[in-house]
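Working notes, structure below.
In what follows, residues are counted from 1 in the order of the sequence shown. Values below: all heavy atoms of this structure, side chains included; hydrogens, waters and symmetry mates excluded.
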Amino acid sequence: MIAAPATFDLPACLQALGLRAGAFAIRAVDECASTNSALVDHPPADDGRIHVLLAERQSAGRGRRGRSWMAWPGASLTFSALWRFPTGSPVPAGLSLVAGIAVARALESLAIPGVQLKWPNDVLINGDKVAGILVELIPGRGRTPAAVIGIGINLGLPPDAAIPGHNGITDLASHGQPPSRDALLGRVLAELHDLFATYASAGFPALRGAWMQRNAFADLPVRIEGEGSTVHGRCAGVDDDGALLLDTSGGLQRILSGEVSLRAAP
Ligand code: ATP
């Protein structure tokens, strides 16, 4: 089922997917409130494929904890993918980190230097945020659960683009010739496809090294801001379930993703 707005180049996307193209059902729309909400609220029937929804514009793009994801027409790639866990998969842990590795690998395959990951769900280029990820689980109600993985990537932001309260943002155009949006979508989906397969059979431990290798804050002082509390420490990577490991004066602490944000500490 493919209904594409005029600017969506499906063949370019399928070409980038190569032999994996048959594993996907891709739909593109001019506008929707949020591609994540659309797939969470109205999940397509399970036909064994990964369902993808791309929107030219989102009127209410979301980040974590009710934050908004900002995009400018023609300047961003915003899409969500609905992935159903194969029967018997372990409890999903670290899935947003896996999505981050997929985006990082897609950008690296386009020879973009300085790609890093910031726990739990941001992709940076030399310290500035280029992409955000929002993973939401759809409970299985007796069946295997599913996850909706929303990804927003800045391709070429307009000169006056500003994100309130956020200084360090960047786009692909600032790091070389940006790829076509549709070829980039294909690259990211191809990486997601392969990483999901590894994740489903071996879980996050099999991908932990790939995440650690790109950890923007490896061994650096950071602070973790939660609701009403801040913890300081040195970033010691991530655990086998994707929890952040923080070396603090009181010993090693595990920080679970959720209501916290990681920030560089002076
Ligand atoms: P951060 O640590 O970067 O504030 P977060 O991981 O705590 O992000 P997310 O839910 O991942 O929060 O992302 C939402 C945040 O991302 C927004 O609050 C805003 O600061 C920032 N943001 C929104 N749109 C963009 C964009 N197009 N490019 C870069 N950053 C953005």
Side-chain angles (χ1 to χ4, degrees), residues 1-10 12-13 16 24-44 49-83 95-96 99-100 102-104 106-107 118 120-125 128-138 146-174 178-189 191-192 261:
M1 179 193 23
I2 294 159
T7 52
F8 179 55
D9 183 358
L10 181 68
C13 176
F24 289 91
I26 301 173
R27 194 160 66 98
V29 296
D30 278 318
E31 181 162 357
C32 74
S34 144
T35 53
N36 255 47
S37 299
L39 288 181
V40 169
D41 295 343
H42 305 287
R49 293 183 295 174
I50 299 171
H51 287 256
V52 177
L53 179 63
L54 169 116
E56 295 281 352
R57 282 177 296 280
Q58 294 188 106
S59 54
R62 293 186 290 118
R64 297 185 308 143
R65 304 154 69 192
R67 297 173 178 197
S68 49
W69 181 258
M70 300 179 65
W72 292 260
S76 320
L77 169 64
T78 48
F79 69 96
S80 299
L82 173 74
W83 181 56
L95 190 54
S96 62
V103 174
L107 299 185
K118 171 177 164 251
N121 65 333
D122 290 346
V123 183
L124 315 179
I125 298 181
D128 294 328
K129 184 162 167 175
V130 70
I133 291 162
L134 177 67
V135 173
E136 295 179 289
L137 293 180
I138 306 180
V148 173
I149 296 111
I151 296 178
I153 304 177
N154 299 329
L155 287 183
L157 296 173
D160 58 348
I163 314 265
H166 209 293
N167 298 324
I169 67 168
T170 191
D171 59 16
L172 298 184
S174 308
S180 90
R181 193 189 48 169
D182 312 299
L184 177 62
L185 172 65
R187 295 269 185 142
V188 175
L189 292 179
E191 295 292 350
L192 277 175
S261 292

Fill in: Test log, rule side chain to side chain contact (heavy atoms under 4.5 Å, CB included), inputs Trp83 and Leu192
CA-CA 10 Å; Trp83 181 56; Leu192 277 175; over 6 Å; no
Worksheet, complete the sentence: Value for CZ (Arg27) from CG (Leu53), rounded to nearest 0.5 Å, stands at 5.0 Å
Practice prompt. List the atom of Gln58, the atom of Ser34, and the distance in Å for their closest heavy-atom pair.
Written response: OE1-CA, 3.3 Å
Discussion item. Is there a side chain to side chain contact (heavy atoms under 4.5 Å, CB included) between Val148 and Thr35? Walk through the geometry before answering.
Written reply: CA-CA 9 Å; Val148 173; Thr35 53; over 6 Å; no
Response to the item:
Rounded to the nearest 0.5 angstrom, the CD1-CZ distance for Ile153 and Arg181 is 11.5 Å
Worksheet item: How long is the span from the CZ atom in Arg67 to the OG atom in Ser261, to the nearest 0.5 Å?
Response: 4.0 Å
Discussion item. Is there a side-chain contact between Leu77 and Leu54 in this structure, where contact means two heavy atoms from C-beta onward sitting under 4.5 Å apart?
Written reply: yes
Fill in: Residues in side-chain hydrogen bond (donor to acceptor under 3.5 Å, both in side chains) contact with Arg57, at least two apart in sequence or another chain
none
Discussion item. For the backbone of Gly150 and the side chain of Asn36, can you confirm whether one donor and one acceptor N or O come within less than 3.5 Å of each other?
Written reply: yes
Worksheet entry | 4.5 Å side-chain heavy-atom contact, Ile50 and Leu189 | no
Worksheet item: Is a side-chain N or O of Thr78 found less than 3.5 angstrom from the main chain of Ala55, in a donor-acceptor match?
Response: yes
Worksheet entry | Any residue meeting side-chain hydrogen bond (donor to acceptor under 3.5 Å, both in side chains) with Glu191, in chain and number order, not counting sequence neighbours | Arg105
Worksheet item: What is the minimum heavy-atom distance between Arg49 and His51, and which atoms define it?
Response: O-CD2, 3.4 Å
Response to the item:
Ala162 and Met70 have their tightest heavy-atom pair at O-CE, 3.7 Å
Discussion item. To the closest 0.5 Å, what do you measure between NZ (Lys118) and CG (Leu124)?
Written reply: 7.0 Å
Worksheet item: Any side-chain heavy atom of Val188 within less than 4.5 Å of one from Leu107?
Response: no
Worksheet entry | Shortest non-hydrogen separation from Pro120 to Ser96 and the atoms involved | O-OG, 3.5 Å
Fill in: Flag, side chain of Asp182 to backbone of Phe8, donor-acceptor distance under 3.5 Å
no
Worksheet item: Has the side chain of Asp171 got a donor or acceptor atom that lies under 3.5 Å from a matching backbone atom of Leu157?
Response: yes
Worksheet item: Is the backbone of Ile133 close enough, under 3.5 Å, to the side chain of Asn121 for a donor and an acceptor to pair up by distance?
Response: yes
Worksheet entry | Nearest-0.5 Å distance that lies between atom CZ in Phe79 and atom CG in Leu184 | 7.5 Å
Worksheet entry | Sub-4.5 Å side-chain heavy-atom contact between Leu39 and Pro44 | yes
Worksheet item: Mind checking what makes ring pair (Phe, Tyr, Trp, His ring centres under 6.0 Å) contact with Trp69, not counting sequence neighbours?
Response: none
Worksheet item: Looking at side-chain heavy atoms only, is the closest gap between Leu172 and Ile125 below 4.5 Å?
Response: yes
Response to the item:
Nearest heavy-atom contact between Ser76 and Ala71 is OG-CB, 3.5 Å
Item to complete: Answer yes or no: is there a side-chain heavy-atom contact under 4.5 Å between Cys13 and Ile26?
Response: yes
